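To start, the structure under review is shown below, and the notes come after it.
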Amino acid sequence: MKNTDFLDKLNARYATKAMNGEVVPQEKIDTILEAIRLVPTSSGLQPFEVFVITNRDVKAQIKAIAWNQAQVTDCSHLLVFAAWDTYTAERINHMFDLTNKIRGFENEGWENYRQMLLSTYPQKAAEENFQHAAKQTYIAFMAAMTQAEYEGVDCTPMEGFEPEALDKILGLHEKGLRSTLILPLGYRDADKDWLVNLEKVRKPMNELVTVVD
Ligand SMILES: Cc1cc2nc3c(=O)[nH]c(=O)nc-3n(C[C@H](O)[C@H](O)[C@H](O)COP(=O)(O)O)c2cc1C
């Protein structure tokens with residue numbers, strides 16, 4: 001039997017263009033955040049943080065630097081994904097120490113892997129490290145969008161904002177973070193949403209997949 005549950009969710013979700021301001025219950029927000037927490041990341045470093053914005057004034061400030069996209073203020077909760085601005089020894093050690101604490105043992109192979117990362121990542125240019133960390137936020141972004149669909153919550157994936165301006169609004173520089181993505185979560189305003197009834201457009205499989213037998 002074909003399992004299409006996940007595919008059905010991917011088909012049903014869409015980049016909501018208008019939201020009605022209705023508040024999303026905290027339990028739903030919590031499962032969306034848990035999906036973000038559970039995503040796999042390179043070396044398990046989880047090199048990002050997520051900010052949950054419900055404050056009206058802060059949302060309004062963000063809208064002004066996000067192409068004035070209405071969902072930023074008409075959403076219930078605005079998620080901001082922010083990646084580490086670089087990899088430091090402290091950040092790497094924190095995640096490896098946490099692994100040892102949670103698993104309750106140390107392992108030579110794992111410790112060797114820690115040393116390998118410590119001898120490579122922190123020495124690289126901050127921008128290169130940030131770009132690597134930023135990629136990890138896209139994994140979390142997709143998990144958040146899909147879990148939102150399972151919760152019956154609409155959302156709009158957004159890169160359409162000025163990251164440096166957003167970093168200033170949230171004081172991310174001081175936290176060693178840089179914003180990468182934002183995700184308004186809320187409920188559609190179907191009457192005002194030009195996309196809600198349009199067919200989903202995706203290229204055909206033969207333009208996407210090449211099989212090498
Ligand atoms: C990384 C990313 C950034 C996006 N940025 C915006 C944005 O700033 N504003 C917007 O309205 N839609 C944005 N979109 C939505 C895409 O245009 C939309 O996902 C795509 O056209 C497919 O349509 P669908 O999501 O409705 O299936 C973004 C999507 C992704 C994945």
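Numbers here simply count residues along the sequence, with the first being 1. Below, each value reflects all heavy atoms present in this structure, side chains not excepted, and no hydrogens, waters or symmetry copies. All of these numbers come straight from a predicted model, not from anything done at the bench.
The pair Lys17-Asp193 fails the salt-bridge criterion, with no side-chain N (NZ, NE, NH1 or NH2) lying under 4.0 Å from an Asp/Glu carboxylate O. With respect to Glu127 and Arg178, a salt bridge is recorded, a charged nitrogen being found less than 4.0 Å from a carboxylate O. Taking 4.0 Å as the cut-off between side-chain N and carboxylate O, Glu149 and Arg13 do not count as a salt-bridged pair. Checked for salt-bridge contact, Asp97 and Arg114 meet the test: a charged N lies under 4.0 Å from a carboxylate O.
For Lys192, the NZ atom is loosely surrounded, since the number of other residues' heavy atoms within 6.0 Å does not exceed 12.
Using a 4.5 Å cut-off on side-chain heavy atoms (C-beta onward), Leu79 and Ile32 make contact. In this structure the side chain of Phe81 never reaches within 4.5 angstrom of the side chain of Ile182, judged on heavy atoms. Contact check for Ser76 versus Glu22: no side-chain heavy atoms found under the 4.5 Å cut-off. Met142 is listed as a side-chain neighbour of Leu10, based on a closest heavy-atom distance under 4.5 Å. The closest side-chain heavy-atom distance from Glu151 to Thr31 is below 4.5 Å. Within the 4.5 Å cutoff, no side-chain heavy atoms of Glu164 are placed close to those of Glu162. With a 4.5 Å cut-off on side-chain heavy atoms, Lys63 and Phe161 do not count as touching. Side-chain contact check for Met158 versus Gln69: some heavy-atom pair is nearer than 4.5 Å.
Between Arg91 and Trp84 the shortest heavy-atom distance is NH1-CB, 3.4 Å. Of all heavy-atom pairs between Thr180 and Ala83, the closest is CG2-CB, 4.0 Å. For the pair Glu106 and Asn100, the tightest heavy-atom approach, listed with the atom from each and the gap, is CG-ND2, 3.6 Å. Across every non-hydrogen atom of Tyr87 and Ile92, the tightest pair is CB-CD1, 4.3 Å. Listed here is the closest heavy atom pair of Tyr121 and Leu45: CE1-CD1, 3.9 Å. Across all non-hydrogen atoms, the minimal contact from Leu117 to Pro122 is O-CD, 3.4 Å.
Rounded to the nearest 0.5 angstrom, Phe141 CZ and Met145 CE are separated by 4.5 Å. The distance from the OG atom of Ser179 to the CD1 atom of Ile65 is 7.0 Å, given to the nearest 0.5 Å. Distance check: Arg202 CZ to Glu207 CD gives 13.5 Å after rounding to the nearest 0.5 Å. Taking CD of Glu174 as the start and CG of Leu170 as the end, the distance is 10.5 Å to the nearest 0.5 Å. Gln115 CD to Glu111 CD: the interatomic distance, rounded to the nearest 0.5 Å, is 7.0 Å. The line from OG1 of Thr137 to CD of Glu49 is 12.5 Å long, rounded to the nearest 0.5 Å.
Side-chain polar atoms of Gln26 and Asp30 form a donor-acceptor pair below 3.5 angstrom.
Stacking of Lys9 on the aromatic ring of Tyr150 is recorded, both the 6.0 Å distance cut-off and the 45° axial limit being met.
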For this session: Just do the side chain to side chain contact (heavy atoms under 4.5 Å, CB included) check on Gln136 and His132 with the steps written out, would you?
Result: CA-CA 7 Å; Gln136 317 302 314; His132 184 262; 3.7 Å; yes
Problem set entry | Worked check of side chain to side chain contact (heavy atoms under 4.5 Å, CB included) between Lys135 and Phe130 | CA-CA 9 Å; Lys135 287 178 191 165; Phe130 164 69; over 6 Å; no
For this session: Start with the C-alpha distance between Asn93 and Leu118, add both sets of side-chain angles, then the distance that settles side chain to side chain contact (heavy atoms under 4.5 Å, CB included), and finish with yes or no.
Result: CA-CA 8 Å; Asn93 279 325; Leu118 287 172; 3.6 Å; yes
Exercise. When you look at Tyr187 and Val153, which way does the side chain to side chain contact (heavy atoms under 4.5 Å, CB included) test go after all the steps?
Worked result: CA-CA 6 Å; Tyr187 296 103; Val153 172; 4.0 Å; yes
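Note: the hydrophobic cluster containing Ile102 does not contain Phe105 (ILVMFWY, side chain heavy atoms under 4.5 Å, direct or indirect links). Criterion: ILVMFWY side-chain heavy atoms under 4.5 Å apart, direct or through other members. Under it, Val24 and Val50 are part of a common hydrophobic cluster. A continuous path of Ile, Leu, Val, Met, Phe, Trp and Tyr side chains, each step under 4.5 Å between heavy atoms, connects Leu33 with Leu181, placing both in one hydrophobic cluster. Both Ile36 and Phe6 are assigned to one and the same hydrophobic cluster, defined by single-linkage of ILVMFWY side chains at heavy-atom distances under 4.5 Å. Residue Met95 is grouped with residue Met116 when hydrophobic side chains (ILVMFWY) are merged at heavy-atom distances under 4.5 angstrom, including chains of intermediate members.
Although no hydrogens or angles enter the test, the distance criterion places a donor-acceptor pair under 3.5 Å between the side chain of Asp154 and the main chain of Arg188. Lys59 places a side-chain N or O within 3.5 Å of a backbone atom of Cys75 that can act as its donor or acceptor partner. Counting only distance, with no hydrogens or angles, the side chain of Thr16 and the backbone of Thr156 share no donor-acceptor pair below 3.5 Å.
A side chain to side chain contact (heavy atoms under 4.5 Å, CB included) with Val58 holds for exactly one of Leu78, Ile169, Val80; it is Ile169.
Phe48 pairs by the ring pair (Phe, Tyr, Trp, His ring centres under 6.0 Å) definition with nothing, not counting sequence neighbours.
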